[in-house]
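The figures that follow rest on heavy atoms only: side chains count, while hydrogens, waters and symmetry mates do not. Below, read A as the first sequence line, B as the second, and so on, with proteins coming before strands; counting in each chain starts at 1.
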There are 2 protein chains.
Amino acid sequence: MSTTSPEPVGLRERKKAQLRETLLNSGLRLFHEKGYEKTTTEEIAACAGVSQRTFFRYFASKEDVVLEAVEGVDEVLCAALRARPSDEHPFRALRNAMRDHWVILERENLHLQGSAGNFISQSPELFEANMRYCHRRQAKLAEVIGERTGVDPATDPRPSLVATVFFAALNNGFQTWSASGCTDSTDGLLRAFLHQLDLVPEAVCETWSTPGDPHHQA
Amino acid sequence: MSTTSPEPVGLRERKKAQLRETLLNSGLRLFHEKGYEKTTTEEIAACAGVSQRTFFRYFASKEDVVLEAVEGVDEVLCAALRARPSDEHPFRALRNAMRDHWVILERENLHLQGSAGNFISQSPELFEANMRYCHRRQAKLAEVIGERTGVDPATDPRPSLVATVFFAALNNGFQTWSASGCTDSTDGLLRAFLHQLDLVPEAVCETWSTPGDPHHQA
DNA sequence: GAGATTATGTCAGCGACTGACAAGTGGCAA
DNA sequence: TTGCCACTTGTCAGTCGCTGACATAATCTC
């Protein structure tokens, strides 16, 4: 794995971590093959060679399998955000981190988390489910934004607001992308994301361009 | 009801509409009394004097009962938005429509939809569920924004982006409001909403105020 | 190697939700 | 009014996500 986690020492802990990953892989693979809805938790468990009950001892819900994968992706995004110059405006930094993060994901595309991100993007079935995660995910992003700007997300609502708006724009981008056929795999999606992010200022404070001119360059 | 719907003519249709409303009222009342999670669909059905199966013939899911009520509230919001001067910036108009809409809701507070809105606000249990509706709800808002600005939401992504960001800010406001005790019923919530909405420009494009000065007047 | 922890399987059960079938009710024409 | 048709409803059985309880088996500790 690319994510740095402390290596478990005992045999028991090693087996546990191993089973968790087996379950995760089984779930993602089945979701990819048959679709999220058509995959049952029993199948995931059977695929990993354990009982359904054991599956639920490792994952609180079926959705959590997806969330687990997404969190891996988010870690890369947070790292990319931390790497941005600290004088960049938070939202702009997030936008640029998104672009950087995409490159990193593509570079490490062999990793599971990366393919999980793709698979979520490719399955409109998961779009709504993905939205549900956002408010869990935004907390982490808000944390990093708080670090960058030197404010405490617990007292200042702005970091989480930035994160929330960021995900909102992403969701919108995903919608337009999937509405427009979503033929190309990842490149078009990134473009859609960046496009939405760049439209946000106009959508909330800048001059709203004339209706006769709906198009404009990125 | 405050919502204008064509009166059903036949006895059959009238009974149907009546049962639908009975189920809706039963659901909302039980949610309010026992909480959303602790209310079963069987109880709602029994409370309305029908079988569970019949409940699911009127509502696709338990969540849809809440959505139904929220949609009533959204209609008021859309009307308030239409009433705003057309030269107002879409996001600003939405923000002001929110304030107007609140007044209307309070004035018609005896109506069911209004109390439903309150009840959702008061139940943190429903916050996550509420988020799920947003992307259904935003489509309607985007429609009205499209009317106002003279662009087609199907081709121009900005109306739905405005709506998405609007709901994102609202969600954030709800979070901070419920995190801070949520003692006052509705007035504090409106203030939290407006506060978040007013922070959005700063969060995405304007100057990010210094960390040493976390507070600022509304 | 014995005893205490911990992980797992099995089983039974709840609640949301669905399909199928039978029975009741309203609408309408002869 | 009668009789037929469409529609609505209840009942039943079943699926799936998810959980608690208990017994068994694996691991860890001494």
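Listed by residue number, the members of residues 46-57 of chain A with any heavy atom below 4.0 angstrom from DNA chain D are A:Q52, A:R53, A:F56, A:R57.
Residues in residues 56-81 of chain A take part in these ring pair (Phe, Tyr, Trp, His ring centres under 6.0 Å) pairs, two or more places apart or across chains: A:F55-A:F59.
Each of A:F59 and B:L19 was assigned the nucleotide of DNA chain D with the nearest heavy atom; the assignment lying further toward the 5' end belongs to B:L19.
Under the 3.5 Å distance criterion, with hydrogens and angles disregarded, a donor-acceptor pair is assigned to the side chains of B:D64 and B:S61. In this model, a donor atom of one side chain and an acceptor atom of the other lie less than 3.5 Å apart for A:T164 and A:Q138.
For the pair A:R14 CZ and D:dT27 P, the computed distance is 11 Å after rounding to whole Å. We find that CG of B:D64 is positioned 12 Å from C1' of C:dC17, with the value rounded to whole Å. For A:R20 and C:dA7, the CZ to C1' distance is 15 Å, given to the nearest whole Å. The nearest whole Å value for the distance from the NZ atom in B:K38 to the P atom in C:dC14 is 17 Å. Rounded to an integer number of Å, the gap from A:K62 NZ to D:dT15 P is 16 Å. Separating the NZ atom of A:K16 from the P atom of D:dC28 is a distance of 12 Å, rounded to the nearest angstrom.
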*Are A:I44 and A:T39 close enough, and set up right, to give a side chain to side chain contact (heavy atoms under 4.5 Å, CB included), and what steps lead you there?*
CA-CA 7 Å; A:I44 301 173; A:T39 302; 3.8 Å; yes
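Between the CG atom of B:L28 and the CZ atom of B:F31 there is a distance of 7.0 Å, given to the nearest 0.5 Å. Note that CD of B:E21 and CG of B:N25 are 5.5 Å apart. Values are rounded to the nearest 0.5 Å. To the nearest 0.5 Å, the span separating OG1 on A:T41 from CZ on A:R53 amounts to 11.0 Å.
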_For DNA chain C, please output the secondary structure as dot-bracket, reading 5' to 3'. Pairs are Watson-Crick or G-U wobble, both atom distances under 3.5 Å; mark crossing pairs with [ ], other-strand partners with |, unpaired with a dot._
||||||||||||||||||||||||||||||
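Residues B:W177 and B:F193 keep their aromatic ring centres 6.0 Å or farther apart.
Within the 4.0 Å cut-off from OP1 or OP2 of D:dT8, not a single side-chain nitrogen or oxygen of B:Y58 is found.
Applying the side-chain hydrogen bond (donor to acceptor under 3.5 Å, both in side chains) criterion to A:R95, with sequence neighbours excluded, gives A:D198. Legend: residues meeting salt bridge (charged side-chain N to carboxylate O under 4.0 Å, His left out) with A:E147, ordered by chain and number and at least two apart, are A:R82.
Of the possible donor and acceptor atoms, none in the side chain of B:K140 sits under 3.5 Å from a partner among the backbone N and O of B:E71.
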*At under 4.0 Å between heavy atoms, which parts of nucleotides 25-30 of chain C does protein reach? Answer with one letter per nucleotide, 5' to 3': B base, S sugar-phosphate only, - none.*
BBS---
